[in-house]
Amino acid sequence: MSDELRRNLALFPIGIVQKLTELTPRQIRYYEQHQLIQPARTAGNQRLFSFNDVERLLEIKKLIDQGLNMAGIKKMMGDQAVPTELPVTEKAQEEAQKVKDLTDQELHDLLKKELILRGRPGMPGSLIQGELSRFFH
DNA sequence: ATTCTTACA
DNA sequence: TGTAAGTA
């Protein structure tokens, strides 16, 4: 499976994303309203976020902390968020299910690994730089 | 127990 | 943004 697809798999419910990003569910939903992210939905209408969504939220958080408003953030990130793909395959749904049994430590390590993986090719990924330090505790 | 939408101090 | 209400 391609990394691109893997990063877009709908795996995390909002509660986990809250822990991973330190953002409140209120904020996360608000950013979705402003089309900064487009998480997938389960049959029961519950949001499922992908690694890409989480990483995007970390960037948003960074910009918010720097005092930008929605307009400013949209301008910085471009306001076209790629919709997270639904866990259509049986395999994908199993992965999403596994996530629920991971400890907070395991979840943070998983995200850290993802951030490092992404930060490879390019230079000091504008976002990755600061956010990454938080996972090196 | 979690999450969702809507509405308002 | 926080939070309460009523659901799913």
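Below, read A as the first sequence line, B as the second, and so on, with proteins coming before strands; counting in each chain starts at 1.
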K.L.:
Output yes when a side-chain donor or acceptor of Asn45(A) lies under 3.5 Å from a complementary backbone atom of Arg41(A), and no otherwise.
P.N.:
no
K.L.:
Select from Ile16(A) and Arg26(A) the residue whose nearest nucleotide in DNA chain B is closer to the 5' end of that strand.
P.N.:
Ile16(A)
K.L.:
Gln27(A) side chain N/O closer than 4.0 Å to the phosphate oxygens (OP1, OP2) of dT1(C)?
P.N.:
yes
K.L.:
Between Tyr31(A) and dT1(C), does any side-chain N or O lie under 4.0 Å from OP1 or OP2?
P.N.:
yes
K.L.:
Hey, which of these two, Gly44(A) or Met70(A), hits DNA chain C nearer its 5' end, going by closest nucleotide?
P.N.:
Met70(A)
K.L.:
What does dT7(C) pair with, Watson-Crick or G-U, if both distances are under 3.5 Å?
P.N.:
none
K.L.:
Under a plain distance cut-off of 3.5 Å, with no hydrogens placed, do Asn8(A) and Thr84(A) share a side-chain donor-acceptor pair?
P.N.:
no
K.L.:
Using whole Å, report how far CD of Glu22(A) lies from C1' of dT1(C).
P.N.:
16 Å
K.L.:
Taking atom P of dC4(B) as reference, at what distance in whole Å does atom CD1 of Ile28(A) sit?
P.N.:
9 Å
K.L.:
Strictly by Watson-Crick or wobble contacts shorter than 3.5 Å, is anything paired with dA9(B), and which nucleotide is it?
P.N.:
none
K.L.:
Tell me whether the OP1 or OP2 atom of dC4(B) has a side-chain N or O from Arg29(A) closer than 4.0 Å.
P.N.:
yes
K.L.:
Kindly say if Thr24(A) contacts the phosphate of dT1(C), meaning a side-chain N or O under 4.0 Å from OP1 or OP2.
P.N.:
no
K.L.:
Whole angstroms only, please: what is the CG-C1' distance between Asn45(A) and dT7(C)?
P.N.:
11 Å
K.L.:
What is the distance, to the nearest angstrom, from the CD atom on Gln33(A) to the P atom on dC4(B)?
P.N.:
12 Å
K.L.:
Any side-chain to backbone donor/acceptor pair from Glu59(A) onto Arg56(A)? Under 3.5 Å, distance only.
P.N.:
no
K.L.:
CD of Gln18(A) versus P of dT2(B): gap in Å, rounded?
P.N.:
11 Å
K.L.:
Measuring from the side chain of Pro13(A) (C-beta onward, heavy atoms only), which nucleotide among dC4(B), dT3(B), dG2(C) has the closest atom?
P.N.:
dT3(B)
K.L.:
With sugar-phosphate meaning primed atoms plus P, OP1 and OP2, does Ile64(A) contact a base, only sugar-phosphate, or nothing at under 4.0 Å between heavy atoms?
P.N.:
sugar-phosphate
K.L.:
Separation of Leu48(A) atom CG from dT3(B) atom C1', in whole Å?
P.N.:
11 Å
K.L.:
Using whole Å, what does the distance between atom P of nucleotide dT1(C) and atom CG of Leu68(A) come to?
P.N.:
12 Å
K.L.:
Checking all strands, does Gly15(A) fall into the base, sugar-phosphate, or nothing category for heavy-atom contacts under 4.0 angstrom?
P.N.:
sugar-phosphate
K.L.:
If we ignore hydrogens and angles and just use 3.5 Å, is the side chain of Glu55(A) paired with the main-chain N or O of Asn52(A) as donor and acceptor?
P.N.:
no
K.L.:
To the nearest Å, how far apart are Phe12(A) CZ and dT3(B) P?
P.N.:
14 Å
K.L.:
Could you tell me whether a side-chain N or O of Asp109(A) sits under 3.5 Å from a main-chain N or O of Glu106(A), the two making a donor and an acceptor?
P.N.:
no
